[in-house]
Amino acid sequence: MGIKGLSKLLAEHAPRAAVKRRVEDYRGRIIAVDASLSIYQFLIVVGRKGSELLTNEAGEVTSHLQGMLNRTVRMLEAGIKPVFVFDGEPPEMKKKELAKRSLRRDDATKDLNRALEIGDEESIEKHSKRTVKVTKKHNDDCKRLLRLMGVPIVEAPGEAEAQCAALCENHQVYAIASEDMDSLTFGARRFLRHLTDLGYKKSPVIEFEVSKVLEDLGLTMDQFIDLCILSGCDYCENIKGIGGQRALKLIRQHGCIEEVLQNLKQTRFSVPEDWPYLEVRTLFKEPNVCTGIPDFVWTSPDSEGLMDFLSTENSFSPDRVTKAVEKIKAASDRYSPGRLNRLTSVASLQGPHIDKVLQEKI
DNA sequence: CTCAGCCA
DNA sequence: TGGCTGAGG
């Protein structure tokens, strides 16, 4: 779940760090997207009727494919060059948190069964959403889909979030798109929220720049990381009674967790036993990520492969697949730089939208 | 979530 | 046009 209350804390204490932008501002930019988080959202919401999701003829869930296909086509149409980053092994520090989540899913499953017996539709849906877990198959399906679409993917050795931040740090991507605030803690220079879910609702993209966050909070990056650990993160327990507000005050006052702990001794706040803040700090500062990833390429979609995978294997309507392929090709024709010299003629054929692209390129 | 179709 | 609704597999 990222960092507890960080988004609210920044809204209050670093209002200048978040800037509203339009999707068009990212035309031509390479954006890293946390794939696993997207898949989770799709399983929560796409094609859901009570506890049922979209499935193929074999009864296997296809909501993640539907979501990934639509959203990726949409990004390409907006001229964005997406790179999807997949989770690898979770860090040892996160095992406790994952165990907790697994228990919560068990509880949800019990609640769901009770709701199913009673036939209470509202709570069937609510509890069913709480049982959602992203499996290896979901991930593999989406990797295969993206490869067929010609969209690059990265398989992170550890947390996708951390890998995204590293790509941004190495200037291999312009920004990272996620809803998870710990992107900032991992040091992503530019971090976008709501890049994915605009379209119909007109909520703007919110861009955070880590340098502005630090400036507004008056903290160094090391202090910001300590603030996040104190506020509560996925990797260790938090101190009861200390949330974002107190954490910020304490870090501003004492400068680092070591000093904060010294001063907390004569207060009512008690630090959990074996509180591994040092390891967590290292995890944020030196996460398990790949470097030296070759430059990304977006290739033309494999239309036959997509037809096989989506239509034959997963019961998508062939018409839908054909349309998606056409959209991907059209987007690549519009935005690939090599074809810029042809835009004048294309512009007259395809109307004002292309004119706008042309003006911006010139 | 995203799309298509319908209607004010 | 823009908001609402139902469907997608």
Side-chain angles (χ1 to χ4, degrees), chain A residues 22-24 26 31-80 82-86 121-122 124-126 128-135 137-146 148-149 151 153 160 176-180 192-206 301 303 305-331 351-353 356:
Chain A
R22 305 162 307 153
V23 215
E24 300 88 79
Y26 301 99
I31 309 281
V33 185
D34 180 342
S36 311
L37 195 71
S38 311
I39 296 172
Y40 177 75
Q41 291 166 340
F42 297 142
L43 293 176
I44 295 282
V45 89
V46 176
R48 180 177 284 280
K49 281 177 189 130
S51 59
E52 308 278 291
L53 291 168
L54 298 176
T55 58
N56 59 21
E57 275 164 28
E60 297 162 325
V61 170
T62 53
S63 288
H64 56 307
L65 293 172
Q66 188 87 52
M68 188 62 86
L69 176 71
N70 289 335
R71 181 178 286 181
T72 308
V73 167
R74 194 169 222 309
M75 289 179 118
L76 293 170
E77 283 187 301
I80 291 168
V83 175
F84 283 86
V85 182
F86 288 80
E121 290 184 18
E122 201 176 315
I124 289 175
E125 179 148 336
K126 189 176 92 190
S128 167
K129 286 178 178 174
R130 292 171 51 219
T131 66
V132 166
K133 177 176 166 46
V134 179
T135 64
K137 182 178 188 311
H138 296 137
N139 276 284
D140 289 345
D141 282 346
C142 287
K143 285 177 197 172
R144 185 167 161 209
L145 174 64
L146 290 165
L148 289 169
M149 292 175 80
V151 172
I153 67 170
I176 93 176
S178 174
E179 297 307 310
D180 232 336
L192 316 181
R193 291 187 101 189
H194 317 315
L195 181 73
T196 41
D197 60 22
L198 26 127
Y200 291 90
K201 303 171 209 164
K202 289 175 191 164
S203 75
V205 181
I206 309 289
S303 42
L306 283 166
M307 194 55 84
D308 276 350
F309 181 44
L310 293 176
S311 183
T312 313
E313 291 179 37
N314 286 290
S315 323
F316 278 53
S317 112
D319 189 48
R320 209 170 247 268
V321 179
T322 310
K323 277 187 180 145
V325 170
E326 274 166 12
K327 283 179 182 172
I328 299 170
K329 285 184 177 160
H353 175 59
K356 217 170 128 198

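Throughout, protein chains are lettered first and strands after them, A, B, ... in sequence-line order, and every chain is numbered starting at 1.
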Integer-rounded Å distance: [N] [atom2] and [X] [atom1]:
{"X": "A:Arg320", "N": "C:dG8", "atom1": "CZ", "atom2": "P", "answer": "8 Å"}
{"X": "A:Lys49", "N": "C:dG6", "atom1": "NZ", "atom2": "P", "answer": "10 Å"}
{"X": "A:Leu54", "N": "B:dC3", "atom1": "CG", "atom2": "P", "answer": "15 Å"}
{"X": "A:Glu52", "N": "C:dG8", "atom1": "CD", "atom2": "P", "answer": "15 Å"}
{"X": "A:Phe42", "N": "C:dG9", "atom1": "CZ", "atom2": "C1'", "answer": "16 Å"}
{"X": "A:Gln66", "N": "C:dG9", "atom1": "CD", "atom2": "P", "answer": "6 Å"}
{"X": "A:Met68", "N": "B:dT2", "atom1": "CE", "atom2": "C1'", "answer": "14 Å"}
{"X": "A:His194", "N": "B:dC1", "atom1": "NE2", "atom2": "P", "answer": "11 Å"}

Determine the contact category for [X]: base if any of its heavy atoms lies under 4.0 Å from a base atom, sugar-phosphate if only primed atoms, P, OP1 or OP2 are that close, otherwise nothing.
{"X": "A:Gly47", "value": "base"}
{"X": "A:Ser317", "value": "sugar-phosphate"}
{"X": "A:Leu53", "value": "base"}
{"X": "A:Thr55", "value": "base"}

Exercise. Of the options A:Lys137, A:Arg144, A:His138, which is the one that meets A:Asp141 in a side chain to side chain donor-acceptor pair (under 3.5 Å)?
Worked result: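 It is A:Lys137, the one option of A:Lys137, A:Arg144, A:His138 that forms the side chain to side chain donor-acceptor pair (under 3.5 Å) with A:Asp141.
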For this session: Report the residue from A:Asn314, A:Thr62, A:Thr312 that forms a side chain to side chain donor-acceptor pair (under 3.5 Å) with A:Asn56.
Result: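 Among A:Asn314, A:Thr62, A:Thr312, the one that satisfies the side chain to side chain donor-acceptor pair (under 3.5 Å) with A:Asn56 is A:Asn314.
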For this session: Establish, with yes or no, whether the OP1 or OP2 oxygen of B:dC3 is under 4.0 angstrom from a side-chain nitrogen or oxygen of A:Arg74.
Result: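 Yes, within the criterion.
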Exercise. Under 4.0 Å between a side-chain N/O of A:Arg71 and OP1 or OP2 of B:dT2, yes or no?
Worked result: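 Checking A:Arg71 against B:dT2: at least one side-chain N or O falls below 4.0 Å of OP1 or OP2.
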Exercise. Under the 3.5 angstrom rule, does the side chain of A:Arg320 hit a backbone N or O of A:Thr322 as a donor-acceptor pair?
Worked result: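 Between the backbone of A:Thr322 and the side chain of A:Arg320 there is no qualifying donor-acceptor contact (under 3.5 Å).
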Exercise. Would a distance-only check, ignoring hydrogens and angles, find a side-chain to backbone donor-acceptor pair under 3.5 Å from A:Ser315 to A:Glu57?
Worked result: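 Between the backbone of A:Glu57 and the side chain of A:Ser315 there is a qualifying donor-acceptor contact (under 3.5 Å).
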Exercise. Can you check whether A:Leu145 reaches A:Thr72 side chain to side chain, under 4.5 Å on heavy atoms?
Worked result: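 No, every pair of side-chain atoms sits at 4.5 Å or beyond.
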